[in-house]
Structure formats: structure tokens, C-alpha cells
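Note that the structure is predicted; figures quoted are calculated from it, not measured. Residue numbers start from 1 in every chain, and the chains themselves are labelled A, B, ... in the order their sequence lines are given, proteins ahead of strands.
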Protein chains: 2
Amino acid sequence: MIIWCGEPTDVRPICVTIHNAARLTLMESSTGSERVTLAQVAERAGVSVMTASYTYNRPNRVSDQARSKVLAAAAELGYPGPDPSARSLRRGSTRTLGVVMGEHLSYAFEDPEATSFLAGIADVCADRGYGMTILPITGGSADVPRVTDAAVDGFIVWTTSDDDPILAAVQAMKRPAVVHGGPAVNGMGLVSIDNRAAARAVGSLAFAGAQRPAVVSFPLSRDRTSTIEGGADITAVRFPVTRERLEGYRQAAEDTGTAWHDVIVAVCARNDAAEAERIAATLLAFDEPPDAIAAMSDQQAAGVVRAARAAGRVIPDDVAVTGWDDAAVARQLGLTTVAQSLRDQGAACALAALGHEPNSQTAPWSIVRRDSTRV
Amino acid sequence: MIIWCGEPTDVRPICVTIHNAARLTLMESSTGSERVTLAQVAERAGVSVMTASYTYNRPNRVSDQARSKVLAAAAELGYPGPDPSARSLRRGSTRTLGVVMGEHLSYAFEDPEATSFLAGIADVCADRGYGMTILPITGGSADVPRVTDAAVDGFIVWTTSDDDPILAAVQAMKRPAVVHGGPAVNGMGLVSIDNRAAARAVGSLAFAGAQRPAVVSFPLSRDRTSTIEGGADITAVRFPVTRERLEGYRQAAEDTGTAWHDVIVAVCARNDAAEAERIAATLLAFDEPPDAIAAMSDQQAAGVVRAARAAGRVIPDDVAVTGWDDAAVARQLGLTTVAQSLRDQGAACALAALGHEPNSQTAPWSIVRRDSTRV
DNA sequence: CTGTTAGCGCTTTCAT
DNA sequence: ATGAAAGCGCTAACAG
């Protein structure tokens, strides 16, 4: 019964044996009886439909006797309780919030900051007895109908590009809606930190004493092209959060005496340590390699740190590195970074989406200064 | 504008400055007009309600002329499209799957394996045009109504205890339902690996050549008591996945000549590296410390590794360590572990919950043998 | 405390 | 290609 194969060599998987083939078992079909209605329960209990309804919705408005008759009838009939769809229609409310999580499907669940954000929404939903519906977005044309068909009382949209068609679809639903990060959309709330100010602040630490500052950036547009260039046309950037951060880095660079077009901007297609490591390795192999790299996430910064170590550089002396978010990895690596609570921002979005008046909120941020910068 | 404070000392945060107080801005109230209905659109377009309905549902059954009249009227009136709740009621389907994510609220979003599982569900939902509703569970009495009120076509339940009241609530909904991991519930599907066999297999590696094997375990019951004891009353364990794994470890211990009551079982309240590290440190400080520790997750195993290093032990010579899940951290640390695809299992659950006949499936697993075990 | 009436907004018949 | 009728299952509003 001992199962293994191959020989140990290094820390990578040496061999994986599929031990158990997937196996399918059909079970008995679910109780195929027709859907039981409240009217049937009422009839069986010998009361009116309203008495049955009150039994579920306002139990104290009903006599003990009537209530137990209704409950008994419901049990006999196997009544699953009032149908949620019918209830939603009648009440005009679904007690559910919709969350649109960005243009790539698995993004919501792969990015630790995105999951913190979701946890913040879940906190509020659990507290208020709401469900939360994740609207999986793929970037395809089926995304809009998915938003349109969602039976929710309000929407929360994870940061996206100015030109994302999902925004118009959400807006057209005429329900309370909040965007996290950006863009600002007429009639929707906006919950965000001041990305420009935060980028300027952390960039000032990253670029202090540096001759050749660089930025490792999120994508500039929805096509997610990966590029390396001196400067970047900031006004053409379609993701407002990225645009604001680049603007902040630009100011920080100019504050420390470097013109923006001399700042190397390395654009990654995804927020991913591995890609950041590759692109940072490329930068560090230049004849005149950067001596300061400001990344847009701690994940990216972790990749940069690995690339720097692999290239034999000392942090921060040879190259300063900064991250963003103050994730666990930032603490582990001693990264100077921007701290913000995505969880709190998720909660703020949920509260705003629950209210009838969409509201906007500027969230707090701070700089956490550690050992990865010269100052 | 440069924001920081304090002085760098080590890799932990030295100071966090709240730069920006949270600020609230109320925006203009959303277009307060009454909800526009399909009937109003039809009237304005000068057609019947059905023509308007067909325009949205079967566009080819409607003449171009009628369709454009309807669309024009809808635009003028600001009609958001057919109301999802009304549609669900009439159609008898919500095109949404409900996911019950365990008794602790943030669990779903903090555990990387849980998020993989969710990503697998999201894959299927996106593909089939379904939404997914997360039902946040707190462990309180409000959980059952939340399940009861969920407007979903089917349920997926993340592994829980035999006595979790949520199971009866889901069962009572009489919709297709699948449990991941366990327990097996009459009328619901079950998607799981053979935890007992996998535990026996990985336990055989962990305990090979060991004199004093130990297990770092998930909680045994919903009260999540943290304990350390020789052996454990396996039959009393309320979480079937944990029970099966303990049973497998018991077999592995007996296979290598150790009686179960001589196996130290350290029960953690949560699946958490920090708690595992603390409890492992306690174990390793014993007069006769364990020389093999099998954990129930890679997270826990990572904590064990840290504790072992802190205690100056060499892995695997002084103490062998195994994990579970083959997460990224297992590769980093060179952990022998059980590999399974939570993502695939999530997808399997979603497919089962979409079908009318609940089905069960035994998922594949394998052992990944690395350097943390003696064999 | 209980019941009657009305209708939430939509789409499935079935006719024309 | 279009329309009339019927009703999905429930609950707000109002009697009694």
C-alpha cells in the first residue's frame, strides 16, 4: 500500500503517480416529486395561505395552534419553505449582493489581495444576512448577460479599465453600485485609496539616492501587452489605478531629479511573482541596470527580489525595491511597501452597495518602511 | 509629501502611519424613477408585451421593425432589461449555484486550497453562464435561513462535520446538492479523494524509520478544541475527512510497528501555519520528542518545519515531516505531501450540482515524495 | 389572530 | 410574426 516512485533529487517534485482514477457513481435521482407550494401546505393544514405565510415570516402573528398545524402539514408534504425566487419578486429585494471580479476568471481567487477584498464583503454580508453572488468574468461577450441576469440588490465592481463594457452593463441595471479602485463612473460609488499620493510617497523611498529608477507595472490596457520602455505615456493608460500610480511614481522620480522618460517602465501582463522575476532579470542584465525598482504589488516585488538575488545584487545598496499592499510576503522579505486594508475596503464597498444612495469613500493608506530601501 | 516614520530595525513592520483618515462623500441619489417594466416598454413601442419579451428572449421570432421599436422604447424609458427575479420565478430556474463554505466566515477566502476549489467552481459556472452565490457561514443560528433563502438551482457544500445543521437545511431544499470531502449525506452527491488511503500512503513515508511518530491534526469536532494526546478516539471525530485521515495515519503507524495510542496527536483549532508552529514547538520540547510529524495540510507542515528549524533539528534525520495538498509552499520547502487538485474537485462539484441527478465522484490523488522524509 | 384581494414582472402555452 | 390569457409562488395591504 505504500505509494511512491522516483528518487529524491532537489526540492522540486520528482515524480507524481496518479494513484486513483476518477470514478463516477450515479446516485438515486433526487426526490422527484413536484414542487410543493405554500398553498398546498395551507390547504392541508386547513388554514388560509396567509396564515401559512405568516408562519414563516411573522410567527408571532399566528396562534400556536395554527402554527403547529402549518408546520406539521409542511413536514408531511416535505415543503422546503417559501420559494426564494417568488419571495424576491414579491418583496422586490433579493438580499444578495453581486460582485464583479475583473476581466479574468480565476483572478478573484488567485490574488491574495482580491480574496481579502472578498472576505471584507463577506463580513458585511454575513452580518446583514445577505448572500454574495460572484459574477465570473472571462473577458468575453457573455460577461454582459451574466451581469444583466444577476438577481442582486446591488453591485460591487473590482477595479477595471475605463473602457470595460461591464461598467455600462452595471450602470444600466439601475441598482446601487460601487467601483473599487476605479474608474469613477457616473451614478456609482467609488471606494479607493489615493493611489497617486501613495505611489509618490513609496516612490520617494524607492528612488532616494538612485540614478536609474525603474517601475514594474501592472498592465496599461486590457490587451495586457508586456513591454519595457523609457517612461510611458501615462495619459494613454486605461486602468485608472495603474495610471494614478504611474503618475505618482513619475512625481517621485522628478522629485529626486530623474526625468520620467529616463525611468524604465516594465509592464507585466499579470500580477504575478514569476513574471515580475523574469522581467526584473531582464532589467538587471542591462548595461546600465536600474538601481531602484518600484513594483505595484508585493507579489511583483517578491519576484524582483528573487531576480536581484539571482543576479548577485545587494538590496538596497545595489538596488532598492518597494512593493504594494503590505502582504505577508512583504514582511517576510523586509520590503518597504504601501499598506492598505483591502478587507476594510471590501466592507466599505458592501455597505455602500447595500445603501440606496451610492457613496464614495477615500480609504486610508500608509507607508511601511523596512530594509529594502536606502532611506 | 514623503511619508514615513520610525527607524528600520528588522524585517517586521517598524511603524505604520495612518496617512489619510477615511472620508465619506454622499453622491447624488441614484435615478430615483420607478422601476420600468416590460409592459411599459411594450406600450410605448405600440406592441404587445409578448413581442417585447421575444425581443429579449427570441430575437429572431420578431420582425426587425418590431424589434427596433421595442429597443428604442426601452432606451427612451431606461429599461434595464427583464427583471432577473421575475424571470427566475417564471422559468423555475435561477442559473446560479450556491456554495456553502464552512463554518467560519473568512475561511473561504483565507485558505488557498479553498480558493482553488472556488476557482474550479467558477470555471464551470463561467462556462455554463451560471453565477455562483457564496453563502457566508458564521457558525451561528442565522446560517440556516441564509441557505433557505438562497435563490439557487443547486448547492455545493464544503467539507464539514457530521452534525452540521447546514446539511439538513440543504437537504430540505430538495435541489441538487453535492458535498465536498464529507460527510456523505443521503440524497446528496459526494466528491472526495480516498482520504484514508492517502493518509496511509503519506504516513508510511512520514513514519518510516521513526520511533515516535506524531500527527498534527485538524479539529476533531466543531468546538475546535486544541489538544495534545497519545492516540485519539478516532470514532468520536466528527469531521469525516479528519477522521479518515487519522484512520490512515493509524494504519501507517501500525504498519511501521507503533501502536496508535503511542502516536502523539496534536489537534489544532484552525488550519494555520502559526498555530501548527506553536504546537510543534511544544511537541519538540518533550523529553522524548517525536521524530516524525505528519500534518494535515502543507500550511501546517510549514509551521512544523519552522518549529523544527528553530529547535535545531535536521529534517528528515531528526524529524521527518509531511504535508497535504502539494501547495506552493510544499515545493518551496521540499515537503513530501499528498497531491490533489482542489480545482478539479470544485469543477466536479459544480457539474454535479448542475445536473438533475446528484452524482458522486472519487477524485484522484498522488504522493509527491521530496526531501522531508527518510524514504 | 385570520382571511381576502391583488398583483410583483415575466414567459409559457395556445391561438390567430 | 404577433397576441391574449394564464399563472409561476409568494406576500403587502387591508379588512374583519
Side-chain angles (χ1 to χ4, degrees), chain A residues 33-71 73-74 77-95 145 148-153 173-175, chain B residues 33-71 73-74 77-95 145 148-153 173-175:
Chain A
S33 53
E34 280 308 301
R35 179 144 258 94
V36 182
T37 71
L38 193 56
Q40 289 167 17
V41 172
E43 187 182 3
R44 174 124 183 180
V47 300
S48 77
V49 193
M50 277 321 297
T51 301
S53 177
Y54 284 142
T55 299
Y56 287 95
N57 297 299
R58 307 236 211 290
N60 8 342
R61 266 179 161 65
V62 167
S63 67
D64 288 0
Q65 192 190 16
R67 189 171 47 233
S68 46
K69 276 195 296 186
V70 170
L71 261 19
L77 261 30
Y79 177 61
D83 179 82
S85 292
R87 216 173 213 183
S88 296
L89 174 59
R90 184 59 247 225
R91 299 217 264 228
S93 152
T94 60
R95 300 188 75 72
T148 293
D149 288 353
V152 299
D153 292 346
M173 293 300 282
K174 300 203 172 162
R175 301 194 191 280
Chain B
S33 52
E34 280 309 300
R35 177 145 258 94
V36 182
T37 72
L38 194 55
Q40 290 168 14
V41 172
E43 188 184 1
R44 174 124 183 181
V47 299
S48 78
V49 190
M50 278 322 298
T51 301
S53 178
Y54 284 143
T55 299
Y56 287 95
N57 297 298
R58 308 237 210 291
N60 7 342
R61 265 178 161 64
V62 166
S63 67
D64 288 359
Q65 192 190 13
R67 189 170 49 234
S68 46
K69 275 195 297 186
V70 170
L71 262 18
L77 261 31
Y79 177 61
D83 179 83
S85 292
R87 214 173 215 184
S88 296
L89 174 60
R90 184 61 245 224
R91 299 217 264 228
S93 152
T94 60
R95 299 189 76 72
T148 293
D149 287 354
V152 300
D153 291 347
M173 293 300 281
K174 300 204 170 158
R175 300 193 192 279

Original post:
Just how far, in rounded Å, is C1' of dA12(D) from CZ of R61(A)?
Top reply: 11 Å
Original post:
Backbone N or O of V152(A) within a donor-acceptor pair of the R175(A) side chain at under 3.5 Å?
Top reply: yes
Original post:
Looking at S48(A), does any N or O in its side chain come under 4.0 Å of the phosphate oxygens OP1/OP2 on dT4(C)?
Top reply: no
Tabulate protein N/O versus nucleotide N/O from nucleotides 7-10 of chain D, keeping only pairs under 3.5 Å, one per line.
residue : atom : partner : partner atom : Å
dG7(D)  : N2   : R90(B)  : NH1          : 3.1
dC10(D) : OP1  : Y79(A)  : OH           : 2.4
dC10(D) : OP1  : D83(A)  : N            : 3.0
dC10(D) : OP2  : L38(A)  : N            : 2.4

**OP:** Verify the contact: side-chain N or O of R58(A) to OP1 or OP2 of dA12(D), cut-off strictly under 4.0 Å; return yes or no.
**Re:** yes
Subject >> Spatial distance of atom NZ (K69(A)) from atom OG (S63(A)) [nearest 0.5 Å] >> reply: 7.5 Å
Subject >> Shortest non-hydrogen contact from G81(A) toward Y56(A) >> reply: CA-CE2, 4.3 Å
**OP:** Under 4.0 Å between any heavy atoms, over every strand shown, what does D64(B) touch: base, sugar-phosphate, or nothing? Just pick one.
**Re:** nothing
Original post:
Rounding to a whole Å, what distance do you find between R95(B):CZ and dC10(C):C1'?
Top reply: 16 Å
Original post:
How sharply is the helix from dC1(C)-dG16(D) to dT16(C)-dA1(D) bent, taking the axes over five pairs at either end and rounding to 10 degrees?
Top reply: 30°
Subject >> For V36(B) against P80(B), the heavy-atom pair lying closest together >> reply: O-CD, 4.3 Å
Original post:
If we ignore angles and hydrogens, is there a donor and acceptor under 3.5 Å between the side chains of T51(B) and S48(B)?
Top reply: yes
Original post:
Among dT2(C), dT12(C), dT11(D), which nucleotide sits nearest the side chain of Y54(B)?
Top reply: dT12(C)
**OP:** Check whether any side-chain N or O of R67(A) sits under 3.5 Å from a backbone N or O of P59(A) as a donor-acceptor pair, and report yes or no.
**Re:** yes
**OP:** Starting at atom CE of M50(B), determine the distance to atom C1' of dT13(C), rounded to an integer number of angstrom.
**Re:** 10 Å
Subject >> T51(A) side chain near dT2(C) phosphate (N/O to OP1/OP2, under 4.0 Å) >> reply: no
Original post:
Quick one: do R90(B) and D83(A) make a salt bridge, cutoff under 4.0 Å?
Top reply: no
Original post:
Above 12 or not: heavy atoms from other molecules or residues under 6.0 Å from CD of E43(B)?
Top reply: no
Original post:
Which pair of non-hydrogen atoms, one from V41(A) and one from A73(A), has the smallest distance, and what is that distance?
Top reply: O-CB, 3.6 Å
